[in-house]
Novice: 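Here's a structure for you.
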Number of protein chains: 2
Amino acid sequence: MAANLYDLVVSAEPLDLDSSAVASLADKAYVAIRDRLIMLDIRPGDPIDDDELAGDLDVGRTPVREALKRLEGDRLVVSYPRRGTFATGMDISDLAHISDIRAQLEPLAARRAAERAVRTAHAELEDLASRIQHLDVSQIDRTELMRWDLAVHRAIYRAAGNPHLEDVLIRYDNLATRIFCLFLDRLPTVDEHVGEHVELLRAIAAGDADRADDLAREHVLGFEQAIRAVI
Amino acid sequence: MAANLYDLVVSAEPLDLDSSAVASLADKAYVAIRDRLIMLDIRPGDPIDDDELAGDLDVGRTPVREALKRLEGDRLVVSYPRRGTFATGMDISDLAHISDIRAQLEPLAARRAAERAVRTAHAELEDLASRIQHLDVSQIDRTELMRWDLAVHRAIYRAAGNPHLEDVLIRYDNLATRIFCLFLDRLPTVDEHVGEHVELLRAIAAGDADRADDLAREHVLGFEQAIRAVI
DNA sequence: GGTACACAGTTGGTATATCAGATATAGTGT
DNA sequence: ACACTATATCTGATATACCAACTGTGTACC
């Protein structure tokens with residue numbers, strides 16, 4: 001799994017950070033479009049032409065439509081009947097709403113992961129921590145940085161051992177990452193944010209639930225503050 | 001809105017407790033099937049024949065399939081490729097996982113609702129509280145009882161003013177209600193559980209955020225305990 | 001300048017065809 | 001005679017093509 005994650009991340013391809021076993025065309029379309037949405041290849045408010053996307057991804061319109069339906073459930077796109085589908089807009093209240101949820105659930109996930117990690121994902125998390133620690137933040141590009149960010153969070157969610165929690169956290173991590181990308185060039189302390197991951201991962205791997213809880217909360221709240229500071 | 005909720009609830013029909021404006025065939029199918037799943041007209045593990053459902057609901061197979069896709073996202077059905085779709089099974093760990101999430105988010109929603117309710121939904125929530133207080137629990141049937149339960153929670157989620165929070169809470173309230181229905185006849189203190197709603201609604205309407213937070217947490221945890229007691 | 005009609009584009013729904021997988025049955029070999 | 005393998009059929013999933021309904025916009029006419 002660790003090797004798998006690493007391969008996916010360094011290759012910096014559309015990838016699936018989800019543990020999808022096989023992948024139907026609809027799944028592939030979903031991942032590809034979601035990636036474009038998060039990484040802002042499709043910017044908030046942009047109209048989405050399913051026909052164009054279908055040609056782009058070399059699939060029919062049906063899997064694209066299905067993917068868009070799922071993305072609508074994820075609140076990454078909105079569809080106004082008979083007017084078209086668009087990438088969802090983003091405003092300051094969305095950030096507050098999402099952070100409110102994440103401030104509750106990220107610490108929970110970190111705590112549960114810490115409680116379990118000593119027995120299960122200890123090595124994997126340590127591994128991920130040291131990889132990020134030795135990352136040259138100034139050298140790698142934004143997309144890859146974001147993928148590391150996503151990879152860390154996904155690893156924690158998975159380690160928490162609660163599939164439902166994983167579901168909902170992935171959902172809001174995607175949304176948060178999208179906001180992150182939106183302000184990435186204006187953000188002064190990106191490497192700091194990434195650095196926090198190392199501490200958090202280590203705390204979890206060490207089984208220090210209280211500390212993991214605190215760090216995760218700070219991580220979410222700090223993220224919100226950082227964004228608010230540059231608005 | 002209050003009148004709307006009431007109408008929907010007393011009519012005890014498939015209904016949409018969501019604020020859906022119009023409704024495509026797929027939406028209608030989604031609501032209808034979800035209802036059957038939650039109320040256990042379709043029991044956990046049951047195979048789901050989309051063709052049969054389509055005929056049953058008088059729509060084509062496509063909207064049914066789309067509804068099933070959405071329900072799969074809600075974890076109410078699972079689809080094993082080339083074997084069929086089934087209502088998801090339920091086990092004890094699911095209850096723990098869901099309660100873990102709800103124990104974090106229900107209090108948050110109650111708190112936020114309390115912070116806002118004095119200005120906004122005060123009357124509506126008071127109204128709902130007194131209606132439930134005067135409900136004769138021994139007289140009405142299980143399905144209607146469940147609808148009241150759902151209506152209360154939905155009203156609180158809505159009052160919290162965070163659409164994302166509403167999303168995720170609805171999702172897990174559905175799952176929890178399904179578990180509730182599964183043990184409904186074995187549960188001794190159903191009316192107590194319903195009674196807690198009155199207190200909670202009153203606390204929110206009064207703007208007592210701390211108390212609302214506590215009551216909501218107890219409500220969730222008490223629910224889990226009650227179920228565990230009869231397993 | 002305003003209103004009405006028409007056309008185009010988009011969504012939503014359905015039907016059909018193709019593809020893949022699983023299971024059952026039959027045949028052959030040991 | 002029994003077991004194993006291969007093939008065929010059936011079921012279910014997926015993709016594409018087609019159709020209908022509706023909305024929005026533009027143009028023309030009053």
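The model shown is predicted, which means the values in this text are computed figures rather than measured ones. Letters go in sequence order (proteins before strands), and every chain restarts at 1. In what follows, every heavy atom counts, from backbone to side chain, and hydrogens, waters and symmetry copies are set aside.
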Novice: Given B/Pro63, which partner from the list B/Leu68, B/Asp27, B/Leu25 fulfils the side-chain contact (heavy atoms from CB on, under 4.5 Å) test?
Specialist: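 Of B/Leu68, B/Asp27, B/Leu25, side-chain contact (heavy atoms from CB on, under 4.5 Å) with B/Pro63 is met by B/Leu25 alone.
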Novice: Go through D/dA15, C/dG12, C/dT14 for me and flag the one nearest to the A/Ser79 side chain.
Specialist: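 Nearest listed nucleotide: C/dG12.
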Novice: Mind telling me whether B/Tyr80 and B/Phe86 have parallel, tilted or perpendicular rings, with 30° and 60° as the class edges?
Specialist: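 B/Phe86 and B/Tyr80: tilted rings.
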Novice: Above 12 or not: heavy atoms from other molecules or residues under 6.0 Å from CZ of B/Arg75?
Specialist: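 Not buried by this count: 12 neighbours or fewer within 6.0 Å.
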Novice: What's the CZ-P distance between A/Arg65 and D/dA15, to the nearest Å?
Specialist: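 One finds 13 Å between P of D/dA15 and CZ of A/Arg65, rounded.
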Novice: Between atom NZ in B/Lys69 and atom C1' in D/dG12, what is the gap in whole Å?
Specialist: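 Checked: the NZ to C1' distance equals 11 Å.
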Novice: Whole angstrom is fine here: how far is it from CG in A/Leu68 over to P in C/dT11?
Specialist: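 Answer to the nearest Å: 9 Å.
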Novice: Round to a whole Å and report the spacing from OH of A/Tyr80 to C1' of C/dG9.
Specialist: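 Taking atom C1' of C/dG9 as the reference, OH of A/Tyr80 is at 18 Å.
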Novice: Checking contacts here: which listed nucleotide (C/dT11, D/dA13, C/dG13) is nearest the side-chain heavy atoms of B/Glu66?
Specialist: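 Among C/dT11, D/dA13, C/dG13, the one nearest the side chain of B/Glu66 is C/dG13.
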Novice: For C/dG21, does OP1 or OP2 lie under 4.0 Å from any side-chain N or O of B/Arg83?
Specialist: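 Checking C/dG21 against B/Arg83, no side-chain N or O comes under 4.0 Å of OP1 or OP2.
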Novice: Could you check whether the rings of B/His193 and B/His197 sit parallel, tilted or perpendicular, using 30° and 60° as the cut-offs?
Specialist: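 Answer is perpendicular, since the angle exceeds 60°.
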Novice: In whole angstrom, give the distance that lies between atom CG of B/Leu25 and atom C1' of D/dA21.
Specialist: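 About 12 Å, once rounded to whole Å.
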